[in-house]
Each structure stands twice: as structure tokens, then as C-alpha cells.
Protein chains: 2
Amino acid sequence: MLKEKQLLKNYLSEKNLRGSSKRNTILKIFLEEEGHITAEELYQKVSKEDSSIGIATVYRTLKLFREAGLARMSRFEKGEAQYEHNYLHSHHDHLICMKCGKIIEFKNPDIEENQEKIARKHKFKITSHRLELYGTCSKCSSK
Amino acid sequence: MLKEKQLLKNYLSEKNLRGSSKRNTILKIFLEEEGHITAEELYQKVSKEDSSIGIATVYRTLKLFREAGLARMSRFEKGEAQYEHNYLHSHHDHLICMKCGKIIEFKNPDIEENQEKIARKHKFKITSHRLELYGTCSKCSSK
DNA sequence: TTAGTTGCAAATCGTTTGCATCAAG
DNA sequence: CTTGATGCAAACGATTTGCAACTAA
């Protein structure tokens with residue numbers, strides 16, 4: 001079974017919650033997503049598969065996914081939250097083009113190491129982080 | 001004249017906008033703030049000095065400050081935006097305690113250098129960035 | 001005198017919630 | 001059966017906006 005399905009199942013039984021076909025549909029479509037998706041966008045895609053699913057359920061389900069540890073939420077400059085999962089897709093940071101909105105993902109172990117150093121210095125225990133670099137991508141800067 | 005006042009003045013004349021005593025009041029109180037402040041919090045403080053200033057003006061003025069380059073906006077996990085200025089207080093990153101909400105600021109040139117490296121690799125032109133480390137501070141982890 | 005500025009309230013946008021109904025176990 | 005899951009619409013909190021009155025230049 002997919003690790004994410006297992007995570008969800010575990011969380012549900014731990015909290016004495018129930019599974020449902022709607023949750024399965026939302027999970028399936030969420031995992032198909034490569035990058036970031038907003039609740040609204042996910043709702044649109046989910047609707048095509050099962051039009052009886054309301055947006056409130058999408059929000060409630062994304063919250064559940066986060067609690068179960070299979071989704072992460074971030075907010076960039078804009079107001080709405082963006083969600084992403086870890087399936088085939090572990091932690092990374094973001095380069096964000098302010099002109100076209102393109103998001104490039106990257107990893108950098110050197111930066112992570114420096115973060116640890118800083119945390120030690122401030123006696124801080126890091127559980128997560130986010131690093132976002134804003135600017136213009138190659139396409140947009142050549143225009 | 002304070003650099004920030006100059007920045008604002010320049011921006012106003014460049015865009016053919018006007019100054020006003022309300023804008024001056026808001027700027028003065030905003031610059032007295034050491035760290036981050038929300039629009040609502042700023043509005044509360046501003047009201048004490050001039051109760052005729054409405055919250056819409058605070059929002060409009062913060063937007064103006066950002067455009068003029070003297071304020072920055074971020075959103076942490078929560079929904080509302082936080083504003084900060086550069087007066088006595090240039091760029092830095094944040095350590096955020098998830099338990100008590102404490103925010104510690106830090107700088108790290110090594111990380112900045114690595115960011116440049118990443119940008120070059122992706123042919124990206126960085127204009128700004130944000131790095132936030134989430135976790136628990138020393139006080140909260142010893143509780 | 002001519003725009004830009006402002007307060008107020010209404011509108012908006014993303015998100016959450018109360019409630020009655022439905023369905024999983 | 002019992003209790004959690006869900007749709008719907010109303011409620012919400014942060015932010016924006018239309019409009020008429022106000023004010024800087």
C-alpha cells in the first residue's frame with residue numbers, strides 16, 4: 001500500500017475516525033498533483049471525478065491530511081494557502097518568479113547545515129523550515 | 001531627514017501623489033515598532049494618536065510604504081500579514097517558536113551566498129528571499 | 001480649482017462552522 | 001444503532017473598494 005494511504009489509515013484509527021470514499025477520491029487526486037495546489041484548484045479537479053464533493057470537505061480533508069503528516073501547507077506572498085504532499089516528493093525549497101508565477105523546487109544540503117548551526121546557537125529545536133527565493137526566472141528576465 | 005521619510009517623499013513625487021498628516025502619523029508610529037506588526041495592531045496604536053484614522057487608511061498606507069520600498073510584508077503560518085520596516089533594522093531571517101510565538105531574528109552570510117549559487121544555477125535573478133525556521137525555543141523545550 | 005486622500009460601509013476572498021442528513025463500522 | 005462525515009449556506013476574519021466628502025498643492 002502507498003505510504004501516504006498507510007499514514008492516513010494509521011491516523012484515522014489512532015483518532016478513532018472513519019474512512020470514506022470521498023476521502024479516498026480526494027487523496028488520489030491530491031497525490032496525482034506534482035507541485036503545489038490550492039484548496040480551490042483541488043476542489044475543481046475533485047469535482048470532475050465526483051461532483052457531489054463540496055469545497056468544505058476538501059478543506060476539512062486537507063486539514064486531516066496535514067494532521068496525518070502527509071501534506072504540508074505554505075503561504076507565499078499571496079493570501080491563499082498552497083498544499084503539497086510528500087509522495088515521490090520530499091522536502092525542498094522554492095524559487096518563485098514574481099513575473100510569471102513559476103515555482104522551481106530545489107534542495108541544498110549546505111543551507112540546511114547552516115540552519116542547524118543557527119538553531120544550536122539560539123538553543124532552538126527546529127521542526128521545519130521554509131526558504132523562498134523571490135525574483136525573476138530566466139525567461140522573464142530576458143523579455 | 002530620516003531615510004525612510006525620504007524614500008516615501010521620493011516615491012510620492014515620482015508618482016505624483018500627495019503627502020498628508022495622516023500618512024505622517026502612520027509612518028512615525030510604524031517606525032517606532034521594533035519587530036513585526038499586523039495592520040490591525042498598527043491601527044490600534046495609530047488610533048491612540050489620531051482616532052480619526054480609519055483602518056482602510058492604514059491598509060492603504062502600508063501598501064504605499066511597500067511600494068515605496070520602506071516596508072516589507074510576510075505571512076507566517078497564520079493568515080494575517082505582518083509588516084516590518086528597515087529603519088535601524090535591515091534584512092534578516094526568522095526563527096519562530098511554535099509554542100510561545102516568539103520570533104528571533106538572525107543573519108547568516110553563508111546562507112545568502114548559497115542562495116546566490118542556487119540562483120545562478122537556475123538562471124534566476126533574486127530580488128528578495130525569506131527563510132523561516134520553525135521549532136521550539138529554549139524556554140519552551142525545557143518546559 | 002483639481003486631483004489625490006480618507007472614512008464608512010459594503011463587498012470580496014479564502015476559510016471555517018452549525019446544522020440536518022447521510023453513511024461507515 | 002451510534003457517531004463520524006458531508007453538503008449547504010451562513011458566518012468569519014482579513015483585506016479591498018465604491019463613493020461622497022475632504023484637503024493638499
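Lettering of chains follows the sequences in order, A, B, ..., and the numbering in each one begins at 1. Quick note: numbers below take in every heavy atom, side chains included, and nothing from hydrogens, waters or symmetry partners. This one's a predicted model, so the numbers in the text were calculated from it and none came from an experiment.
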Any A/S20 side-chain N or O less than 4.0 Å from OP1/OP2 of D/dT6 =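 For D/dT6, OP1 or OP2 has a side-chain N or O of A/S20 closer than 4.0 Å.
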Let's see if you can work this out: which of [options] has an atom nearest to the side-chain heavy atoms of [X]?
| X | options | value |
| --- | --- | --- |
| A/A81 | C/dT15, C/dT17, D/dT23 | C/dT15 |
| A/A56 | D/dA24, C/dC8, C/dT17 | C/dT17 |
| B/Y59 | D/dT15, C/dT5, C/dT15 | D/dT15 |
| B/R18 | C/dG14, D/dA24, D/dA5 | D/dA24 |

Would you say the base of D/dT16 and the side-chain of B/R60 have a donor-acceptor pair closer than 3.5 Å?
->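 Answer no: no donor N or O sits under 3.5 Å from an acceptor.
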Measure from [atom1] on [X] to [atom2] on [N] and round the result to the nearest Å.
| X | N | atom1 | atom2 | answer |
| --- | --- | --- | --- | --- |
| B/L17 | D/dT23 | CG | P | 19 Å |
| B/Y43 | D/dT15 | OH | C1' | 14 Å |
| B/N16 | D/dA24 | CG | P | 17 Å |
| B/E14 | C/dG4 | CD | C1' | 17 Å |
| B/L62 | D/dA14 | CG | P | 15 Å |
| A/E80 | D/dT15 | CD | C1' | 13 Å |
| A/E41 | C/dC13 | CD | P | 16 Å |
| B/R75 | C/dT15 | CZ | C1' | 13 Å |

Is [X] touching bases, backbone alone, or none of the nucleic acid, heavy atoms closer than 4.0 Å?
| X | value |
| --- | --- |
| B/K22 | sugar-phosphate |
| A/I55 | nothing |
| A/R23 | sugar-phosphate |
| A/T38 | nothing |

Answer yes or no: is there an ion pair linking A/K28 with A/E49, defined by an N-O contact shorter than 4.0 Å?
->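 Yes, charged N to carboxylate O under 4.0 Å.
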Are B/F30 and B/H85 near enough that their ring centres are under 6.0 Å apart?
->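 Between B/F30 and B/H85, the centre distance is under 6.0 Å.
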4.5 Å side-chain heavy-atom contact, B/Y11 and B/E67 |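 Sidechains of B/E67 and B/Y11: in contact.
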Does CD in B/E113 sit with more than 12 non-hydrogen atoms of other residues, nucleotides or ligands closer than 6.0 Å?
->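 Counting other residues, nucleotides and ligands, CD of B/E113 stays at 12 neighbours or fewer.
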When B/H94 is tested against each of B/R130, B/H36, B/Q82 for side chain to side chain donor-acceptor pair (under 3.5 Å), which residue passes?
->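 When side chain to side chain donor-acceptor pair (under 3.5 Å) is applied between B/H94 and each of B/R130, B/H36, B/Q82, only B/H36 qualifies.
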Pairwise 5' ranking along DNA chain D for B/G19 and B/Y83, keeping only the more 5' one =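 Whichever sits nearer the 5' end wins; that is B/Y83.
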